[in-house]
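In what follows, every chain begins at residue 1, and chains take the letters A, B, ... in the order their sequences are listed. Since the model is a prediction, treat every value here as computed from it, not as a measurement.
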Amino acid sequence: MGPLFALVDVNNFYVSCERVFQPRLEGVPMVVLSNNDGCAVARSNEAKSFGIRMGVRWFKVRDLARQHGILAFSSNYTLYADMSNRVVSILREFCPDVEVYSIDESFLQVEAVLGLYGGPLSLGQQIKARIRDWTGLPVCVGFGPTKTLAKLANHLAKKNPEFNGVCDLPGLPEVALRDWMARTAVEEVWGVGPRTVPKLEAMGIRTVLDLRNAPPKAIRSRFGVVLERTCYELRGVSCLALEDAVAARQQIMVSRSFGRTVTTLEELSEAVATYAASAAEKLREQGSEAAAVHVFVLTNRFRPEEPQNNVGRLMALPDPSDDTLRLAKAALAGLRGIYRPGFAYKKAGVILGPLSPKAGRQQGLLTDTPVGVRGERLMDTIDTLNRRFGRGRLRTGASGTGRSWAMRAGNRTPRYTTHWEELPAIS
DNA sequence: TCTGGGGTCCTAGGACCC
DNA sequence: TCTGGGGTCCTAGGACCC
């Protein structure tokens, strides 16, 4: 027997997280907005039915929203990340082989545990029921012999009520499978993006079935090895393995648009120091060190009539480091090198990389510095306190205190599950 | 006025090595 | 008839994902 993959995906994840703590929102049309309240990034089914598209700029549909009583919430990533972790811990109880694919999706490789649950459909229903009971979140589950087919099964489960939230593709009769594939547009396939769709259509490939039946070699010569694999995956030949060991990131980026335009070096410095600290925290979390820091600033590219200054600088470090103070210092030095007065900056960011594991570090021959024990202990202390009291609670003075440049979030709900002072109250 | 923030992989071409 | 034959590393750009 070959592999069997399950894809578990939370429906309208951000919206569903908000509803868990405000049940009165159930059935109410609502969206969750991106950072700075710019775009709609999650929509309830009711909002979708009013024609609110994914990624639409919120000001463009604000009138429509007012008209229909569509509510809008700012992103509450602290809450969503915590809810995501809870879902994953439940999945790990069902099956040890879990790949956390995104904040709201996980792959499971289940063929070895299937016997414990009485088959795919039963396993899927148990997963769905337990996540609903223990977290309040609704999920759909799709099963397939490849990850691409599990994704497709999940899509079908989500769109078609007759599946009751669980679709077992291998359990369908061959005729039914062909029929579903023929009725599903090729753009729904995982790995087929907006650039590829028109090219495929020009070749007469419009549905999932068309792509499955296309000759893989021809697909490879036209599109490359990635889409060839997709083609094989649709035929049931597993080309993509479960990646259950979380690979260390190869680069870490932290960047934000500002809530308003920023012109002074002082304010840019606060932002860059803040982002560098946040990136350094992520770096230490995965046990890596960075050999260099890239810092960049951008003006508003949507206003070409204004003077543009989109520049960055790569600052090599004398030794790889995971120390917030060193990384921030390098980033700030880079910023001073690229900053020009007279521009209205809209965004800044910090990228750490190339990264290497801290454990395998080789001491430099010429640049050997004594191991910074005090620095290590300081970073440990900062991380411990911030884990306990919330990210950014303890930070360097360079990050500033006023921070009027911070992004807008006009309607953010409390961080119900991670902050003592924001616990939900029941009266 | 308003425009998110992260990531990954593959390919092609050039520089350079013996 | 002849223009060698392998390699690696790096970068930029393009595509994709959520």
Discussion item. Measure CZ/Phe258(A) against P/dT3(B) and give the value in whole Å, please.
Written reply: 13 Å

Worksheet, complete the sentence: For Glu187(A), the side-chain contact (heavy atoms from CB on, under 4.5 Å) test, sequence neighbours excluded, returns Ala185(A), Val197(A)

Worksheet item: Between Asp133(A) and Arg130(A), is there a salt bridge with N-O shorter than 4.0 Å?
Response: no

Worksheet item: What pairs meet the ring pair (Phe, Tyr, Trp, His ring centres under 6.0 Å) rule with one or both residues in residues 74-105 of chain A, with sequence neighbours excluded?
Response: Tyr14(A)-Tyr77(A), Tyr14(A)-Tyr80(A), Tyr77(A)-Tyr80(A), Phe94(A)-Tyr117(A), Tyr101(A)-Phe107(A), Tyr101(A)-Trp190(A)

Discussion item. At less than 4.0 Å, is any side-chain N or O atom of Ser257(A) found next to OP1 or OP2 of dT3(B)? Yes or no.
Written reply: no

Practice prompt. May I ask you to list the residues of residues 82-108 of chain A, by number, that have any heavy atom positioned under 4.0 Å from an atom of DNA chain C?
Written response: Tyr101(A), Ser102(A), Asp104(A), Glu105(A)

I'd like a table of atom pairs between the protein and nucleotides 13-15 of chain B - only N or O on both sides, under 3.5 Å - with the distance next to each one.
none

Worksheet, complete the sentence: To the nearest angstrom, the CZ-P distance between Arg412(A) and dG4(B) comes to 17 Å

Kindly list each side-chain donor-acceptor pair under 3.5 angstrom involving residues 238-263 of chain A, sequence neighbours excluded, with atom names and distances?
{"unit_1": "Arg260(A)", "atom_1": "NH2", "unit_2": "Glu267(A)", "atom_2": "OE2", "d": "2.6"}
{"unit_1": "Arg260(A)", "atom_1": "NH2", "unit_2": "Ser404(A)", "atom_2": "OG", "d": "2.4"}

Discussion item. Need one value for Leu33(A): base, sugar-phosphate or nothing, where a base atom within 4.0 Å counts as base even if backbone is also close, heavy atoms only.
Written reply: nothing

Worksheet entry | Any Lys347(A) side-chain nitrogen or oxygen under 4.0 Å from OP1 or OP2 of dG5(B) | yes

Fill in: Of the listed nucleotides dG5(B), dT8(B), dG4(B), the one nearest the side chain of Arg256(A)
dG5(B)

Discussion item. For a quick check under 3.5 Å, do Asp82(A) and Thr417(A) share a side-chain donor-acceptor pair by atom type?
Written reply: yes

Worksheet item: What nucleic acid atoms does Asn35(A) come within less than 4.0 Å of, heavy atoms only: base, sugar-phosphate, or nothing?
Response: sugar-phosphate

Worksheet item: Can you name the side-chain contact (heavy atoms from CB on, under 4.5 Å) partners of Thr207(A), sequence neighbours left out?
Response: Leu209(A), Asp210(A)

Practice prompt. Under 4.0 Å from any atom of DNA chain B, heavy atoms only: list the residues of residues 215-235 of chain A that qualify, in numerical order.
Written response: Val225(A), Val226(A), Arg229(A)

Worksheet, complete the sentence: Heavy-atom nearest pair, Tyr345(A) first then Thr299(A), reads CD2-CG2, 4.0 Å

Discussion item. In whole Å, I'd like the distance from the CG atom of Leu283(A) to the C1' atom of dG7(B).
Written reply: 16 Å

Worksheet entry | Closest to side chain of Lys346(A), choosing from dC17(C), dT3(B), dG4(B) | dT3(B)

Discussion item. Are more than 12 heavy atoms, taken from residues, nucleotides or ligands other than Lys329(A), located less than 6.0 Å from that residue's NZ atom?
Written reply: no

Worksheet item: In this structure, which one of Gln109(A), Glu99(A), Glu233(A) forms a side chain to side chain donor-acceptor pair (under 3.5 Å) with Lys147(A)?
Response: Glu99(A)

Practice prompt. Please confirm whether the backbone N or O of Cys39(A) pairs with a side-chain atom of Ser34(A), one donor and one acceptor, at under 3.5 Å?
Written response: yes

Discussion item. Within the 4.5 Å heavy-atom criterion, are Leu152(A) and Val208(A) side-chain neighbours or not?
Written reply: yes

Worksheet item: In residues 53-65 of chain A, which ones come under 4.0 Å of DNA chain B, going by heavy atoms?
Response: Arg57(A), Phe59(A)

Discussion item. Using only atom types and a distance under 3.5 Å, with no angle test, would you say the side chain of Asn76(A) pairs donor to acceptor with the backbone of Thr413(A)?
Written reply: yes

Item to complete: Not counting sequence neighbours, which residues clear side-chain contact (heavy atoms from CB on, under 4.5 Å) with Val88(A)? List them please.
Response: Arg92(A), Val100(A), Ser106(A)

Worksheet, complete the sentence: Separation between CG (Leu25(A)) and CD (Glu18(A)), nearest 0.5 Å, reads 8.0 Å

Discussion item. Is the phosphate of dG6(B) approached by Ser255(A) (side-chain N or O, under 4.0 Å from OP1 or OP2)?
Written reply: yes

Worksheet item: For dC9(B), does OP1 or OP2 lie under 4.0 Å from any side-chain N or O of Gln250(A)?
Response: yes

Worksheet entry | Leu240(A) CG to dC9(B) C1', straight-line distance once rounded to whole Å | 11 Å

Worksheet item: Excluding sequence neighbours, so at least two apart, what forms side-chain contact (heavy atoms from CB on, under 4.5 Å) with Lys199(A)?
Response: Arg222(A), Phe223(A)

Worksheet item: With distance as the sole criterion, is a donor-acceptor pair present between the side chains of Arg284(A) and Thr324(A) under 3.5 Å?
Response: yes

Discussion item. Does dC17(C) have OP1 or OP2 under 4.0 Å away from a side-chain N or O of Lys151(A)?
Written reply: no

Discussion item. Pick the closest DNA chain B nucleotide for Arg249(A) and for Tyr77(A) by heavy atoms, then say which residue is nearer the 5' end.
Written reply: Tyr77(A)

Worksheet item: When you check the side-chain N and O atoms of Asp37(A) and Ser74(A), is any donor under 3.5 Å from an acceptor?
Response: yes

Fill in: Secondary-structure string, 5' to 3', Watson-Crick or G-U under 3.5 Å, | for another-strand partners, for DNA chain C
....||||||||||||||

Worksheet item: Which residues in residues 192-206 of chain A have at least one heavy atom lying under 4.0 Å from any atom of DNA chain B?
Response: none

Worksheet item: Can a salt bridge be assigned to the pair Glu46(A) and Arg19(A) using a cut-off of 4.0 Å between side-chain N and carboxylate O?
Response: yes

Worksheet, complete the sentence: In whole angstroms, the gap separating P of dG6(B) from CG of Leu298(A) amounts to 12 Å

